[in-house]
Amino acid sequence: MTEPLLDIRRLTKSFGALHATDDVSLTLLPSEIHALIGPNGAGKSTLIQQIAGGLAPDAGRVMLNGRDVTDLSTAERVKCGLGRTFQISALAMENTVLQNAMLGTVGATRSVWRFLTPIMQDGQLRVQAEAAIERVGLEDVAHARVSTLSHGQRRLLEVAIALTLSPKLFLMDEPMAGLGAEGTARMTAFLSELRREAPILLVEHDMDAVFALADRISVLVAGKVIATGTPDEIRGNSDVRAAYLGDEVPL
Amino acid sequence: MMLPERTLNIILFLALPLVAVIALALDEPFIITLATRAAILALAAVGLNLALGLGGLVSLGHAVFFGLGGYAMGILASHAQSFTPLDLGLFTLDGTKSMPIIWLVAVTVSAFAALLIGLLALRTAGVYFIMITLAFGQMFYYFTISWPAYGGEDGLSIYVRNSFPGLNTLDPIQFFALVFGVLAAVLWLMGRIERSSFGLALGSARQNAVRVETVGLSPFRLRLVAFVISGAVTGLAGALFADLNRFVSPTMFSWQMSGEFIVFIVLGGIGRLYGPVVGACLFVLLEHMLSGVSDFWLIYLGAVLLLVVLFARGGVIGALANGRGVHD
């Protein structure tokens with residue numbers, strides 16, 4: 001039996017009368033892509049924030065790599081192996097692409113308390129940062145300021161920074177958003193390979209990408225997981241069709 | 001004319017000793033003292049610039065550290081000149097007239113104060129951070145006013161300038177050289193910090209704290225360490241300022257003092273290594289030229305500041321140098 005890298009147990013979070021997360025349990029197994037889908041307002045963002053550490057649950061536990069991280073901060077969860085990308089890019093906009101990737105290597109190697117050594121001349125970290133940039137195909141803009149990048153390039157940089165951390169699992173919030181057809185195809189191919197390095201919990205609105213990539217899919221509706229299964233099982237699930245996919249989305 | 005920022009920095013940096021040397025040749029000791037004053041105020045603002053420019057922490061309380069540095073000098077030197085030991089309760093301490101020891105005490109005390117203030121103030125952000133740092137400044141200000149032991153509101157005079165091994169510190173040009181040496185050393189140090197992994201992380205935390213957390217770093221700790229280094233440098237400047245005037249008073253703790261440091265940085269260019277140096281020199285120059293013209297010379301300074309903020313967001317350095325600073 002394989003141990004799950006991420007194990008969410010009966011997570012609950014309410015805002016007043018609104019049950020944003022209602023007794024949610026799910027797991028992320030080695031080498032899998034587990035997609036989390038659901039209509040707008042289903043509670044995906046709230047759930048992700050509880051996994052990443054931005055929001056404390058009312059009840060339930062978050063186990064990361066066998067360790068209970070429910071009470072740990074965002075930064076401490078990253079140290080436990082959580083690599084995250086954001087729905088809305090969170091980058092140092094005035095810095096270059098390379099500087100942003102270097103920040104990742106600084107975090108990964110815990111070498112932030114060095115005050116006198118020029119960081120951009122650190123050969124070892126630079127090689128790691130450049131390798132990550134090259135993997136996502138941003139090497140041509142490595143020295144450009146992030147503020148000059150396109151939306152799609154910023155998404156790729158988010159992935160590159162996560163790569164520098166060599167995380168044990170990825171938490172990706174809509175990595176395809178705003179990428180365009182060609183970008184989505186490239187990202188799909190990339191993530192398909194990436195799962196061999198570390199499993200991915202993928203929140204995504206692009207259903208083609210989700211059904212092409214996911215090993216398992218969980219459907220979140222009104223804070224509850226109404227179904228978890230393989231893409232075929234989800235396609236055939238009548239509850240999912242009724243609650244979320246509707247008749248207008250052909251699967 | 002646009003110059004690379006590095007070239008411009010070297011020119012601006014050498015202007016100060018050039019003025020001092022010319023003043024020496026023309027036998028104008030007052031001008032040397034003005035240049036010394038500019039260098040010390042620059043040092044105080046260079047300290048603040050690490051927190052404000054790179055860290056994005058608008059501290060309106062850096063006069064606390066300036067004042068603590070000043071009073072560290074005043075208290076130690078006053079005990080030395082009256083030959084009475086300083087009673088600290090558990091033990092007594094002899095006063096001293098030695099600058100290196102005074103500097104060490106000033107830096108340690110202000111770093112410790114910055115740690116305590118930072119632990120509280122850095123839990124807030126934006127306007128609340130400004131208000132908390134301001135409140136600490138006012139606490140120290142009113143405390144020294146009502147504390148009679150070291151002169152209270154009237155301040156404390158030190159009759160002879162403190163000593164530095166191998167120098168005659170009462171000679172204006174020698175004292176200037178000492179102060180300028182300290183400023184140069186601190187600028188070198190700050191330049192290194194800016195380009196270090198710590199500098200990268202601190203600057204990134206200013207731009208996007210979530211990004212820094214997501215690579216496993218704590219923005220709070222980064223800011224706290226920056227605030228402590230920043231306070232320590234401003235404290236060192238305070239000790240030098242007190243030695244320049246041979247006088248300390250509660251004014252060193254006033255919020256106007258904190259405001260002036262911010263003005264130096266904005267005038268010169270926020271987040272530019274040499275911004276505070278240019279700003280402080282400009283301020284002292286305007287003060288010298290305009291205070292003779294009118295008692296209300298600060299009106300003109302206000303006008304200059306307004307022009308810089310409206311038309312030259314990168315400050316004087318931003319207007320003269322090509323390329324961009326840390327942020328403009």
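Residue numbers start from 1 in every chain, and the chains themselves are labelled A, B, ... in the order their sequence lines are given, proteins ahead of strands. Because the structure is predicted, anything quoted here is derived from the model rather than measured.
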>> Please classify the contact between A/Leu165 and chain B as side chain, backbone, both or neither, with a heavy-atom cut-off of under 4.5 Å.
In response: side chain
> Which bit of B/Ile229 comes within less than 4.5 Å of chain A, counting heavy atoms only: side chain, backbone, both or neither?
Replying inline: side chain
>> Under 4.5 Å from any heavy atom of chain B, what part of A/Leu91 do you find: side chain, backbone, both or neither?
In response: both
> Do the charged groups of A/Arg61 and A/Asp71 touch, with an N to O distance under 4.0 Å?
Replying inline: yes
> chain B heavy atoms under 4.5 Å from A/Thr117: which part of the residue, side chain, backbone, both or neither?
Replying inline: backbone
> Should we say atom CG of B/Leu310 is surrounded by more than 12 heavy atoms from elsewhere, each under 6.0 Å from it?
Replying inline: yes
> For B/Arg195, does the CZ atom sit with more than 12 other heavy atoms under 6.0 Å from it, leaving out its own atoms?
Replying inline: yes
> Just by distance, do the side chain of B/Thr234 and the backbone of B/Ala44 share a donor-acceptor pair under 3.5 Å?
Replying inline: yes
> Of all of A/Ala162, A/Ala75, A/Ser111, which one pairs up most often with chain B through heavy atoms under 4.5 Å apart?
Replying inline: A/Ala75
> Between atom CG of A/Leu220 and atom CD1 of A/Ile37, what is the distance when rounded to the nearest 0.5 Å?
Replying inline: 10.0 Å
> Is a side-chain N or O of B/Asn49 found less than 3.5 angstrom from the main chain of B/Arg272, in a donor-acceptor match?
Replying inline: yes
> Are there residues of residues 188-201 of chain A that reach to under 4.5 Å of chain B by heavy atoms, and which ones?
Replying inline: none
> Which class fits the ring pair B/Phe65 and B/Phe227: parallel under 30°, tilted 30 to 60°, perpendicular over 60°?
Replying inline: perpendicular
>> Whether B/Arg123 engages the ring of B/Phe220 as a cation-pi pair (distance to the six-membered ring centre under 6.0 angstrom, angle to the ring normal within 45°) should be assessed.
In response: yes
